[in-house]
Structures are given as structure tokens and as C-alpha cells.
Student: 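Right, I'll just put the structure down here and ask away after.
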Amino acid sequence: HAEMALIRAKELGRDNYAFFTEGMDADSRHRLALQSQLRGAVARGEFCVHYQPKVSLQTGELVGAEALLRWHNAALGHVSPAHFIPVAEEYGLINAIGVWVLDTVCGQIRAWRDQGLGDVRVAVNLSASQFAHADTVPLVEQTLRRHGVPASCLNIEITEGSVMGDPDKSVDALHRLKAIGVGISLDDFGTGYSSLAYLKRFPIDVLKIDKSFVDDVAHAASDAAIALSVISLAHNLNMRVVAEGVETPEQARFLASHGCDAMQGYLYSRPLTVDGFTALLRHPRTLQLNQE
Ligand code: C2E
Ligand code: MG
Ligand code: MG
Ligand code: MG
């Protein structure tokens with residue numbers, strides 16, 4: 001890892017190389033390299049959005065998509081959002097990136113609607129500092145309006161971490177988002193901590209069961225118990241449940257038979273390019289769970 005950071009630092013060129021001092025550990029150098037490249041990334045057109053299908057576990061039909069940011073940088077190559085999003089947060093770059101993502105996704109929804117490809121509902125991830133930002137709710141509203149996209153086509157994914165930091169403020173922000181008409185999903189559910197008292201007060205439509213509980217859901221009693229508890233908790237609170245990271249037919253069958261509403265995962269499809277997802281909208285496949 002240390003060598004990798006150094007090599008990457010060198011690839012960034014002499015100016016950037018000067019930032020990498022002896023005293024810094026490999027991780028700090030790597031984060032610094034990421035942030036210096038992230039600064040110009042929107043302007044250089046280095047981002048794109050991929051779309052991963054969400055499929056009904058009851059009917060097998062395509063019910064929506066999650067927008068997932070992709071970054072290709074000349075010096076760094078492809079960098080996972082799991083790596084660069086936390087850095088963008090740390091250096092205050094996430095809001096500008098978030099503006100670009102929201103604009104791109106709303107523009108794409110509009111394009112699909114103009115092509116007669118239906119009312120696809122797309123989920124956009126908001127990180128903690130975006131969610132805390134006062135301008136986010138008006139930004140969502142303005143972006144939808146500018147593209148002429150109905151709010152019902154957009155869903156916002158937030159994590160427990162981003163809402164539980166200041167839960168009272170979050171209740172307010174979530175209600176303002178709901179008032180616009182966008183859907184709200186609580187992402188990676190079960191990995192952070194949520195007060196059940198607040199869960200009741202959050203106007204959430206969907207709980208997403210984290211992949212870590214889905215991995216062994218068909219084989220480990222403990223993960224099965226957690227998944228089933230999340231499903232009944234959600235349904236008792238009038239929320240739907242989406243399982244993330246579903247990779248095998250066993251997982252899907254188990255979740256379907258226990259009432260989970262929808263799934264997202266490599267079993268049905270990896271995140272797709274715009275062209276790939278457009279092709280899927282033109283010729284949707286139906287997930288077959290009963291055939292072996
Ligand atoms: P997330 O929101 O929990 O997104 C789901 C992640 O699981 C995605 O990783 C997706 O590619 C991956 N995934 C889906 N199905 C499977 C599967 O069956 N197997 C495996 N192994 N993985 C699966 P990705 O695209 O690398 O994104 C990682 C995280 O980065 C996201 O987690 C989200 O927290 C964040 N992120 C991505 N795009 C954005 C964005 O536009 N804005 C913000 N703020 N965060 C984003
Ligand atoms: Mg998500
Ligand atoms: Mg997730
Ligand atoms: Mg996750």
C-alpha cells in the first residue's frame with residue numbers, strides 16, 4: 001500500500017509530489033493524492049454515473065435503479081467511490097460533486113422519459129455532509145424542476161450515520177424532502193446504529209438491508225434472523241425492504257419467501273452504463289426464481 005501511494009504520488013507529477021513529505025504515512029499521502037485530483041475532476045469530465053437495477057422479488061420485474069458514481073482519472077485510473085467519497089467529504093468537495101450527480105441523474109431520467117422508456121425511479125446517494133447541508137433540499141427541488149422531472153422519479157438514499165448525527169435536524173430535512181415528493185431510503189441498514197424511536201419519526205419509504213447480512217442469509221441462522229427482523233420491522237412501520245448485494249438464487253429465494261420486496265445485486269445485474277441500462281429499459285428481463 002505504501003509503495004502504491006508513492007507510485008501514485010509520482011504519477012501526479014512534480015508539483016503534487018512536493019506535497020508528499022517524509023512524515024506522512026502512506027494512507028495520508030494517498031488521500032492527499034485523491035483530493036488533489038478530485039478538485040478538477042468535474043471540470044475535466046472524469047465522472048460518470050452507472051445504474052444498477054432494482055428488481056421486485058414478488059414479480060421479478062425491474063422496479064428502479066440506483067445511481068452509482070464512477071471516476072476515471074488519468075493519473076489514478078479507476079477509483080472506487082468507497083475510497084474517494086470519504087476523501088471528498090473530508091476535504092469539502094462532496095457538495096460540488098453531489099450537484100453534478102443530481103444534475104446528471106435528473107438529466108438522464110428526463111432523457112429516458114423523452115424516449116418513452118417509462119417512469120423509472122432512480123435513487124441517488126447522499127453522504128452525511130450533503131445531507132447536513134442547508135441547500136440540499138432546495139437543490140433537489142430546483143434540479144428536478146430544471147429538468148422537468150417529477151419528484152416521484154427520484155429517490156434519495158441516506159445512511160444511518162448521516163441521519164443519526166443530528167436526528168432532530170434530520171427529521172426536519174427528511175420531512176422537507178418528502179414534501180417535495182421524492183422517496184427516501186435508509187441505506188446499509190443495520191451497519192450503523194439507529195434509535196428505533198427515531199426510525200418511527202423518520203418519513204422513510206424503504207429500508208435497504210446491508211449486503212453483510214445478505215451474504216450468508218441462506219446459510220447462517222444469525223444473518224437470517226437479522227434479515228427477517230428487518231423485514232418485519234420495516235413492514236410494521238409501513239416501509240418496503242430492498243436487499244442489497246444479492247448474488248445467488250438461494251439468497252433471492254430465501255428473501256422472496258420471507259416477504260422482502262425487492263433486491264439489487266449481481267444476480268440480476270451489475271451496475272450498468274447508460275447504454276446498458278437503456279437497453280434493459282427497452283427489453284426488460286424478468287428475474288426467474290423458481291426455475292432451477
Ligand atoms: P451503496 O450506496 O451501499 O451502494 C451499493 C454498493 O454495492 C455499490 O458499490 C454496488 O456496486 C455494490 N453492489 C451492488 N450489488 C452487489 C453485489 O451483488 N455484490 C457486490 N460485491 N457488490 C454489489 P459502489 O458502486 O462501489 O459504491 C460504493 C459506495 O459509494 C456506495 O454504497 C455509496 O455509499 C457510495 N456512493 C456511490 N455513488 C455515490 C454518489 O453519487 N454520492 C455519494 N454521496 N455516495 C456514493
Ligand atoms: Mg446506496
Ligand atoms: Mg447500500
Ligand atoms: Mg452497502
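Ligands are counted one by one from 1 in listed order, and the atoms in each one are counted from 1 as well.
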Student: For ligand 1, is there an atom lying under 4.0 Å from some heavy atom of Glu66?
Tutor: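 Heavy atoms of Glu66 do come under 4.0 Å of ligand 1.
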Student: Touching ligand 1 at all, Arg70? Heavy atoms, strictly under 4.0 Å?
Tutor: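 Yes, that is the case, since the closest heavy atom of the residue is under 4.0 Å from the ligand.
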Student: Please identify which atoms of ligand 1 are closer than 4.0 Å to at least one heavy atom of Glu247.
Tutor: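 Those atoms are 17 (C), 18 (O), 19 (N), 20 (C), 21 (N).
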Student: Name the option, out of Asp215, Leu68, Val246, Ile85, that contains the heavy atom nearest to atom 45 (N) of ligand 1.
Tutor: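 The residue whose heavy atom sits nearest atom 45 (N) of ligand 1 is Ile85.
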Student: Under 4.0 Å from any heavy atom of Val101, which atoms of ligand 1 are there?
Tutor: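 Within the 4.0 Å cut-off of Val101, ligand 1 contributes 41 (O).
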Student: Sort out for me which residue in Glu244, Glu66, Glu157, Glu61 forms a salt bridge (Lys or Arg N to Asp or Glu O under 4.0 Å) with Lys54.
Tutor: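 Looking at Glu244, Glu66, Glu157, Glu61, the match for Lys54 under the salt bridge (Lys or Arg N to Asp or Glu O under 4.0 Å) is Glu157.
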Student: I need the contact type for Glu244 against ligand 1. Using non-hydrogen atoms and a strict under-4.0 Å cut-off, is it side chain, backbone, both or neither?
Tutor: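 Glu244 to ligand 1: side-chain contact only, backbone stays beyond 4.0 Å.
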Student: Can any side-chain N or O of Gln251 pair as donor or acceptor with the backbone N or O of Asp215 at less than 3.5 Å?
Tutor: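 Yes, the answer is positive, given that a donor and an acceptor are paired below the 3.5 Å cut-off.
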Student: Are side-chain N/O atoms of Asp188 and Thr159 paired as donor and acceptor at under 3.5 Å?
Tutor: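 No, no side-chain donor-acceptor pair sits under 3.5 Å.
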Student: Which atoms of ligand 1 are found less than 4.0 Å from any heavy atom of Gly265?
Tutor: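 Near Gly265, meaning under 4.0 Å from one of its heavy atoms, ligand 1 has 15 (N), 18 (O).
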Student: Does Arg201 count as lying over the ring of Tyr198, i.e. NZ or CZ under 6.0 Å from the six-ring centre, within 45 degrees of the axis?
Tutor: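 No, Arg201 does not sit over the ring of Tyr198.
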Student: Tell me, with the steps shown, if His78 and His72 meet side chain to side chain contact (heavy atoms under 4.5 Å, CB included).
Tutor: CA-CA 4 Å; His78 290 281; His72 183 266; 3.4 Å; yes
Student: Could you say whether the N/O atoms of Leu267 and ligand 1 ever approach to under 3.5 Å?
Tutor: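 Such a contact does not occur with ligand 1.
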Student: With a heavy-atom distance limit of 4.0 Å, tell me whether Pro271 approaches ligand 1 through its side chain, its backbone, both, or neither.
Tutor: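 Side chain only; the backbone of Pro271 stays clear of ligand 1.
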Student: Taking only non-hydrogen atoms of Lys211, do any sit less than 4.0 angstrom from ligand 1?
Tutor: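 Yes.
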Student: State which residues pass salt bridge (charged side-chain N to carboxylate O under 4.0 Å, His left out) with Glu89; sequence neighbours excluded, sorted by chain then number.
Tutor: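 Expected list: none.
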Student: For the residue pair Trp100 and Phe47, categorise the inter-ring angle as parallel (less than 30°), tilted (30 to 60°) or perpendicular (more than 60°).
Tutor: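 Taking Phe47 first and then Trp100, their aromatic rings sit tilted (interplane angle of 30° to 60°).
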Student: If a pair satisfies ring-ring contact (aromatic ring centres under 6.0 Å, His included) and one of its residues is in residues 111-155, list it, with sequence neighbours excluded.
Tutor: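 Sorted result for residues 111-155: Tyr51-Trp112, Trp112-Phe277.
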Student: Do Val182 and Val63 share a hydrophobic cluster, counting only Ile, Leu, Val, Met, Phe, Trp and Tyr and linking them when any side-chain heavy atoms are less than 4.5 Å apart?
Tutor: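 Hydrophobic grouping puts Val182 apart from Val63.
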Student: Does Gln130 have a non-hydrogen atom less than 4.0 Å from ligand 1?
Tutor: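 So Gln130 counts as touching ligand 1.
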Student: Is Asn125 close to ligand 1, meaning an N/O of one under 3.5 Å from an N/O of the other?
Tutor: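 Looking only at distances, the answer is yes, because the N/O contact criterion of under 3.5 Å is met.
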Student: Number the atoms of ligand 1 from 1 as they appear, then name those within less than 4.0 Å of a heavy atom of Gln52, with their elements.
Tutor: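 Answer, ordered by atom number: 14 (C), 15 (N).
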Student: Looking just at side-chain N and O atoms, do Arg39 and Gln35 make a donor-acceptor pair shorter than 3.5 Å?
Tutor: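 Present: a donor and an acceptor within the cut-off.
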Student: Have a look around the Mg ion (ligand 2) and list protein N/O/S atoms under 2.8 Å, or say none.
Tutor: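 Near the Mg ion (ligand 2), below 2.8 Å, one finds Glu66 OE2, Asn125 OD1, Glu157 OE1, Asp187 OD2.
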Student: Do Thr273 and Asp275 get their side chains close enough for a donor-acceptor pair, meaning under 3.5 Å?
Tutor: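 Per modelled atom types, Thr273 and Asp275 side chains form no pair under 3.5 Å.
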Student: Side chain, backbone, both or neither: which part of Asp187 has a heavy atom under 4.0 Å from ligand 1?
Tutor: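 Within the 4.0 Å criterion, Asp187 contacts ligand 1 through side-chain atoms alone.
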Student: Against heavy atoms of Asp188, which atoms of ligand 1 measure under 4.0 Å?
Tutor: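 Answer for ligand 1: 3 (O).
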Student: Under the side chain to side chain contact (heavy atoms under 4.5 Å, CB included) criterion, do Leu174 and Ile158 qualify, and how do the steps go?
Tutor: CA-CA 10 Å; Leu174 289 173; Ile158 43 159; 3.6 Å; yes
Student: To which residues is Val242 joined in a hydrophobic cluster, defined by side-chain heavy-atom contacts under 4.5 Å among Ile, Leu, Val, Met, Phe, Trp and Tyr, whether direct or through other members?
Tutor: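 Same cluster as Val242: Val206.
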